[in-house]
Amino acid sequence: MIIVFLTCADDLEADKISSILLDKKLIACAKKFPVNSNFWWKGEKDSANEVLVLLETIEEKFEAIEKEVKKLHSYEIPMLFSIPISQTTAEVSKWLKEELE
């Protein structure tokens with residue numbers, strides 16, 4: 001299991017990408033949160049109100065998620081990365097595998 005982090009420009013973009021990833025069985029769940037980001041972009045400090053989406057999936061799906069995100073996302077370089085989950089319950093693991101088959 002991994003959690004994929006994706007920052008989107010707004011709710012509409014977050015919902016569109018999440019829905020497509022769910023329809024393609026690349027993720028089992030998407031959770032979104034409003035965030036204010038401060039960052040460097042092309043040598044300048046910037047900030048933006050964005051939407052952070054946490055995508056629950058398995059490692060084998062990351063490349064396909066990346067491909068879809070690059071097609072759908074409005075950013076030149078979408079902020080997309082994953083972190084492995086070292087432990088979860090047997091029930092969560094079973095649910096995730098069943099939903100992503």
Side-chain angles (χ1 to χ4, degrees):
M1 179 176 182
I2 61 173
I3 301 294
V4 177
F5 286 67
L6 174 64
T7 309
C8 294
D10 54 33
D11 274 330
L12 186 64
E13 183 171 69
D15 289 342
K16 176 183 174 182
I17 292 171
S18 297
S19 180
I20 290 170
L21 295 177
L22 282 164
D23 289 346
K24 293 187 176 221
K25 293 280 196 173
L26 296 175
I27 62 171
C29 181
K31 294 177 173 72
K32 65 181 185 172
F33 308 89
V35 296
N36 181 272
S37 301
N38 297 291
F39 52 90
W40 286 99
W41 180 245
K42 298 189 176 183
E44 306 263 335
K45 270 182 28 176
D46 202 351
S47 65
N49 291 319
E50 298 178 297
V51 176
L52 174 63
V53 187
L54 302 182
L55 308 166
E56 298 172 6
T57 190
I58 56 176
E59 190 172 359
E60 296 78 16
K61 304 277 186 179
F62 186 86
E63 285 184 29
I65 291 168
E66 178 183 14
K67 185 177 180 181
E68 289 300 318
V69 167
K70 285 181 175 180
K71 286 193 297 191
L72 301 166
H73 209 286
S74 63
Y75 291 175
E76 184 179 332
I77 302 173
M79 180 54 65
L80 179 74
F81 62 90
S82 71
I83 57 172
I85 303 303
S86 62
Q87 292 184 326
T88 189
T89 65
E91 294 84 3
V92 168
S93 184
K94 180 178 184 278
W95 164 78
L96 194 64
K97 288 177 185 171
E98 287 174 356
E99 294 303 329
L100 295 177
E101 287 180 347

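Note: hydrogens, waters and symmetry copies are ignored here, and every other heavy atom, side chains too, is used. Positions are given from 1 along the sequence.
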Just verifying a value: how many Å separate [X] [atom1] and [Y] [atom2], rounded to the nearest 0.5 Å?
| X | Y | atom1 | atom2 | result |
| --- | --- | --- | --- | --- |
| Lys32 | Asp11 | NZ | CG | 3.5 Å |
| Leu22 | Lys24 | CG | NZ | 12.5 Å |
| Leu26 | Ser18 | CG | OG | 11.5 Å |

* Report the C-alpha distance between Glu66 and Lys70 in whole Å, list the side-chain angles of each, state the deciding distance to 0.1 Å, and finish with yes or no for salt bridge (charged side-chain N to carboxylate O under 4.0 Å, His left out). => CA-CA 6 Å; Glu66 178 183 14; Lys70 285 181 175 180; 3.1 Å; yes
Kindly work out whether a path of hydrophobic side-chain contacts (I/L/V/M/F/W/Y, heavy atoms less than 4.5 Å apart) joins [X] to [Y].
| X | Y | result |
| --- | --- | --- |
| Val4 | Leu52 | no |
| Trp40 | Tyr75 | no |
| Val69 | Phe33 | no |

* Residue among Ile65, Ile20, Ile58 satisfying side-chain contact (heavy atoms from CB on, under 4.5 Å) with Ile27 -> Ile65
For a 4.5 angstrom cut-off between non-hydrogen side-chain atoms, does [X] reach [Y]?
| X | Y | value |
| --- | --- | --- |
| Glu56 | Glu99 | no |
| Ile17 | Leu6 | yes |
| Phe5 | Leu54 | yes |
| Lys61 | Ile2 | no |
| Trp41 | Ile77 | yes |

* Check for a donor-acceptor pair, side chain of Thr88 on one end and backbone N or O of Ser93 on the other, with a separation under 3.5 Å. => no
* Would a distance-only check, ignoring hydrogens and angles, find a side-chain to backbone donor-acceptor pair under 3.5 Å from Lys25 to Glu101? -> no
* Asked: Under 6.0 Å from the CE atom of Met1, do we count more than 12 heavy atoms belonging to anything else shown?
  -> yes
* To do: Please test Ser37 against Glu50 for side chain to side chain donor-acceptor pair (under 3.5 Å), starting from the C-alpha separation and ending with a verdict.
  => CA-CA 7 Å; Ser37 301; Glu50 298 178 297; 2.5 Å; yes
Closest non-hydrogen atom pair between [X] and [Y], with its separation:
| X | Y | value |
| --- | --- | --- |
| Val53 | Cys8 | CG2-SG, 4.1 Å |
| Phe81 | Phe62 | C-CE1, 4.2 Å |
| Asn49 | Asn36 | OD1-ND2, 2.9 Å |
| Ala14 | Val51 | CB-CG1, 3.7 Å |
| Trp95 | Ala28 | CH2-CB, 3.5 Å |

* Under the salt bridge (charged side-chain N to carboxylate O under 4.0 Å, His left out) criterion, do Lys16 and Glu13 qualify, and how do the steps go? -> CA-CA 5 Å; Lys16 176 183 174 182; Glu13 183 171 69; over 6 Å; no
